[in-house]
Structure formats: structure tokens, C-alpha cells
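Every heavy atom of this structure was used, including side-chain atoms; hydrogens, water molecules and symmetry mates were not.
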Amino acid sequence: MKTLSINHIVPVSLWSIARNYIAICKAKVVLMLVITAWVGIALAPETERTWFAQIMSLIGIGSLAAAAAAINHVVDREIDQKMARTRHRPLATERLSVRHALKFACVLTVAGISVLLVWSNILCTVLTFMALLGYAVVYTLFLKRATPQNIVIGGLAGAMPPLLGWVSETGQLDAEPLLLVMMIFAWTPPHFWALAIARRNDYKRANVPMLPVTHGIEFTQICMIVYTVILALICVVPYLISMSGLFYLVCSSILNIWFITKSLSLYFWPSDEKAMALFRFSISHLLLLFIALFADKWIV
């Protein structure tokens with residue numbers, strides 16, 4: 001007699017379905033983007049906006065960021081199938097269909113735009129939607145497959161959240177949030193190239209022209225050192241223009257020296273383990289850098 005497995009008897013739980021949708025949102029990445037947007041709000045000139053309006057603005061920014069991530073999963077599904085790091089993603093394994101993922105992305109986009117129009121302003125809404133297009137279309141669909149400078153050019157979309165948070169408060173573009181954008185813009189290449197070094201065989205197999213694949217590991221490591229130095233110099237500017245104080249300067253200096261030291265260590269004593277350690281450190285680096293910016297203004 002043929003036996004039925006438990007999968008034929010017990011229906012798929014709602015939680016297992018929800019996990020697939022959460023996975024294509026890249027929740028951890030979106031959370032980091034929302035935190036940097038929140039710091040943008042905190043550093044902006046004080047307005048009469050309520051905390052509820054600020055939270056709704058962050059929800060709107062987060063919704064559009066999640067929509068961009070979902071579209072990224074759709075566009076990259078064939079590449080993801082060829083890479084060990086991503087082959088278990090919902091669309092790569094067909095646990096989630098393209099149609100459902102795109103519908104989900106559309107719902108997130110409409111919800112995010114609606115929230116921003118009601119609780120923020122038109123400029124913030126337009127800039128956030130442009131960031132979505134920059135990441136989901138310009139970077140994922142074109143740059144990622146076209147040039148080893150993909151992460152440098154495309155990184156601008158991921159660097160936008162602090163500016164979006166600031167603009168949601170003020171309704172205008174200012175020089176100060178552009179500095180925050182430049183910080184993330186300079187941070188992105190060494191952060192991502194560290195991962196690309198450790199996973200270079202995956203990218204080569206998937207025919208993605210990441211810098212370690214096209215120009216070699218040593219050249220990539222030199223570029224990483226250059227960008228960490230540029231990041232350190234940019235991080236001094238907020239103090240020089242009195243946007244932040246001594247506490248931030250000390251914290252950012254320690255973090256950036258640490259970042260440069262780790263990049264140099266990877267260059268002189270290269271290994272995939274060190275590359276992954278640098279990748280993980282860079283995430284903490286950015287989070288602590290923006291926490292220092294917030295703490296300098298509101299606590300110190």
C-alpha cells in the first residue's frame with residue numbers, strides 16, 4: 001500500500017508562506033536602511049512633525065525598500081540558482097512564483113507611496129521611488145550584468161535613506177544629508193567587494209562581472225583600501241562643519257581606523273575567511289557610525 005507523507009496530509013502553514021515573502025524583502029537590509037533614514041530624521045532641523053508622522057515616513061521608506069528587494073529577487077532568480085549563497089532563495093527554488101512576487105512588490109510600492117504622500121511630502125515620495133528604480137531596475141537589471149563598477153554606481157540608490165529621512169522632515173534638499181549619503185556611498189564598495197572576494201567563484205559561475213572576477217583579488221583589495229580611506233576623510237567633514245561634535249569624531253575615527261586596518265590586513269594576509277570577517281564587520285561599522293551620529297546630537 002502506498003503511504004502518504006506528512007506533506008500530503010498537512011497543508012502548508014501560513015507562516016511558511018509568510019517566510020517566503022519576508023525573505024524576498026531582505027528584512028535585515030531594509031532594517032539597516034530604515035535605521036539610517038531614522039538618523040536622517042533625527043539630525044534634520046527640528047520641525048513640528050509628530051513622532052507618529054515620522055514613524056509613518058519610516059514605514060513608507062521601508063515599504064519601498066522592501067519592494068525594490070522583491071523585484072531584485074525576481075530579476076536575479078536565474079543568477080541566484082547558480083550561486084551557493086543564494087540558491088535557496090524562494091524564487092530560485094520556485095517556492096514562490098514570479099507572479100506572486102511581483103504582485104507583492106506592487107502592493108508594497110503602492111502602500112509605501114501612499115503612506116509617504118499622506119504622512120511626508122511629495123519630494124520625499126519622488127526621491128524614494130527614484131531610489132527604488134535605481135536599485136531594482138538600473139542596478140539589478142543593467143549595471144550588475146554590464147560593468148565591474150556595478151556596485152560603485154548602483155550603490156547610490158542604497159545610500160539614499162539618510163537623505164530621504166531628512167527630506168521627509170524638511171521637504172527640501174540640504175548639504176548636510178548629502179554628506180550622510182556620501183558616507184554610505186563610500187562604504188558600499190569595500191563592504192560588498194569583501195563578500196565578492198569570498199564568493200568570487202559563485203559570481204564567476206553566474207557570469208556576473210564583479211571586480212574580483214574581472215580584475216583579480218589584489219586589485220580589488222587595493223580599491224577597498226582606497227575607499228576606506230575616502231570614507232574616513234568624508235566622516236571628518238560633519239565635525240568640521242559643526243554638524244556633529246567631538247563624541248562623533250572620536251567614534252567615527254576609531255571605527256574608520258579599524259576598517260582601514262582590516263582592509264590592509266586582508267591585502268597583506270589574504271584569505272576568504274578574512275574577507276567574510278571584513279564583510280560582517282562593515283555591517284556593524286555602518287550601524288555604529290550612524291548610532292554615533294544620533295548619540296552625539298541627542299545624548300551627548
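- Ring-plane geometry between Tyr227 and Trp193 is classed as perpendicular, the angle between the planes exceeding 60 degrees on a 0 to 90 degree scale with a lower cut at 30.
- Interatomic distance, NE2 of His88 versus OG1 of Thr86, reported as 9.0 Å (0.5 Å rounding).
- Criterion: ILVMFWY side-chain heavy atoms under 4.5 Å apart, direct or through other members. Under it, Ile291 and Val236 are not part of a common hydrophobic cluster.
- Note on Asp202 versus Arg205: salt bridge recorded, some NZ/NE/NH1/NH2 to OD/OE distance being below 4.0 Å.
- The side-chain heavy atoms of Thr140 and Ile71, taken from C-beta on, include no pair separated by under 4.5 Å.
- The structure places NE2 of His191 at 12.0 Å from CZ of Arg280, a figure rounded to the nearest 0.5 Å.
- Inter-residue side-chain proximity for Pro45 and Thr170 is flagged as met; some heavy-atom pair is nearer than 4.5 Å.
- Leu58 and Trp38 make their closest contact through CD2-N, 3.6 Å (heavy atoms, listed as atom of the first residue, atom of the second, distance).
- Within 6.0 Å of the CG atom in Leu233, the count of heavy atoms belonging to other residues, nucleotides or ligands exceeds 12.
- Between His285 and Asn256, the side chains place a donor N or O and an acceptor N or O closer than 3.5 Å (distance only, hydrogens not considered).
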*Step by step, work out the side-chain contact (heavy atoms from CB on, under 4.5 Å) result for Leu108 and Cys25.*
CA-CA 10 Å; Leu108 288 173; Cys25 287; 4.1 Å; yes

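- What you find for Ser263 and Thr228 is that their closest heavy atoms are OG-CG2, 3.3 Å.
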*Check the pair Met183 / Thr36 against side-chain contact (heavy atoms from CB on, under 4.5 Å), numbers first and verdict last.*
CA-CA 11 Å; Met183 285 182 190; Thr36 58; over 6 Å; no

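- Residues Leu178 and Leu163 form a side-chain contact, since some pair of their non-hydrogen atoms from C-beta on lies under 4.5 Å apart.
- Ring-plane geometry between Tyr203 and Phe192 is classed as tilted, the angle between the planes lying from 30 to 60 degrees on a 0 to 90 degree scale.
- Other residues, nucleotides and ligands place more than 12 heavy atoms under 6.0 Å from the OH atom of Tyr21.
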_side-chain contact (heavy atoms from CB on, under 4.5 Å) assessment of Val118 paired with Met56_ = CA-CA 9 Å; Val118 173; Met56 293 303 293; over 6 Å; no

_Trp166 vs Leu173, test: side-chain contact (heavy atoms from CB on, under 4.5 Å). Steps then yes/no._
CA-CA 8 Å; Trp166 183 292; Leu173 292 171; over 6 Å; no

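- Residues Leu179 and Glu176 have side chains not in contact (no heavy-atom distance under 4.5 Å, counting atoms from C-beta outward).
- For the residue pair Thr47/Arg49, the side-chain donor-acceptor check at 3.5 Å is not satisfied.
- In terms of hydrophobic clustering, with Ile, Leu, Val, Met, Phe, Trp and Tyr side chains grouped at heavy-atom distances under 4.5 Å, Leu240 and Phe247 are assigned to different clusters.
- Counting heavy atoms from C-beta outward, Leu116 and Leu164 have side chains that stay 4.5 Å or more apart.
- At least one side-chain heavy atom of Leu195 sits less than 4.5 Å from a side-chain heavy atom of Met276.
- Rounding to the nearest 0.5 Å places CD1 of Ile234 at 12.0 Å from OG of Ser252.
- Looking at Lys262, its side chain never comes within 3.5 Å of a backbone N or O of Leu278 through a donor-acceptor pair.
- With values rounded to the nearest 0.5 angstrom, Lys103 atom NZ is found 9.5 Å from Cys106 atom SG.
- Criterion: ILVMFWY side-chain heavy atoms under 4.5 Å apart, direct or through other members. Under it, Trp258 and Tyr248 are part of a common hydrophobic cluster.
- The 12-atom threshold is not exceeded at CD of Glu78, counting heavy atoms of other residues, nucleotides or ligands nearer than 6.0 Å.
- Hydrophobic clustering (side-chain heavy atoms under 4.5 Å, transitive across Ile, Leu, Val, Met, Phe, Trp, Tyr) keeps Leu249 apart from Ile241.
- Of the charged side-chain nitrogens involved, none lies within less than 4.0 Å of a carboxylate oxygen, so that Asp76 and Arg89 do not count as a salt-bridged pair.
- When all heavy atoms of Ile61 and Ala37 are compared, the closest pair comes out as CD1-CB, 4.2 Å.
- Residue pairs that meet the side chain to side chain donor-acceptor pair (under 3.5 Å) test with at least one member in residues 208-221, sequence neighbours left out, are Glu218-Tyr267.
- The CZ atom of Phe259 sits 11.5 Å away from atom CD1 of Ile225, with the distance rounded to the nearest 0.5 Å.
- Across Val167 and Cys124, no two heavy atoms sit closer than the pair CG1-N, 3.7 Å.
- Each of Val110, Val115, Thr109 was compared with Leu64 under the side-chain contact (heavy atoms from CB on, under 4.5 Å) criterion, and only Thr109 meets it.
- Met182 is not listed as a side-chain neighbour of Val237, based on a closest heavy-atom distance of 4.5 Å or more.
- Linking Ile, Leu, Val, Met, Phe, Trp and Tyr whenever their side-chain heavy atoms come within less than 4.5 Å leaves Leu33 and Val39 in two separate clusters.
- Residues Pro162 and Ile184 are in side-chain contact: their nearest non-hydrogen atoms beyond the backbone lie under 4.5 Å apart.
- For the pair Lys274 and Leu266, the tightest heavy-atom approach, listed with the atom from each and the gap, is CB-CD1, 3.8 Å.
- Considering all non-hydrogen atoms of both residues, Val152 and Pro189 come closest at CG2-CG, 4.0 Å.
- To the nearest 0.5 Å, atoms CG (Leu211) and OG1 (Thr147) are separated by 9.0 Å.
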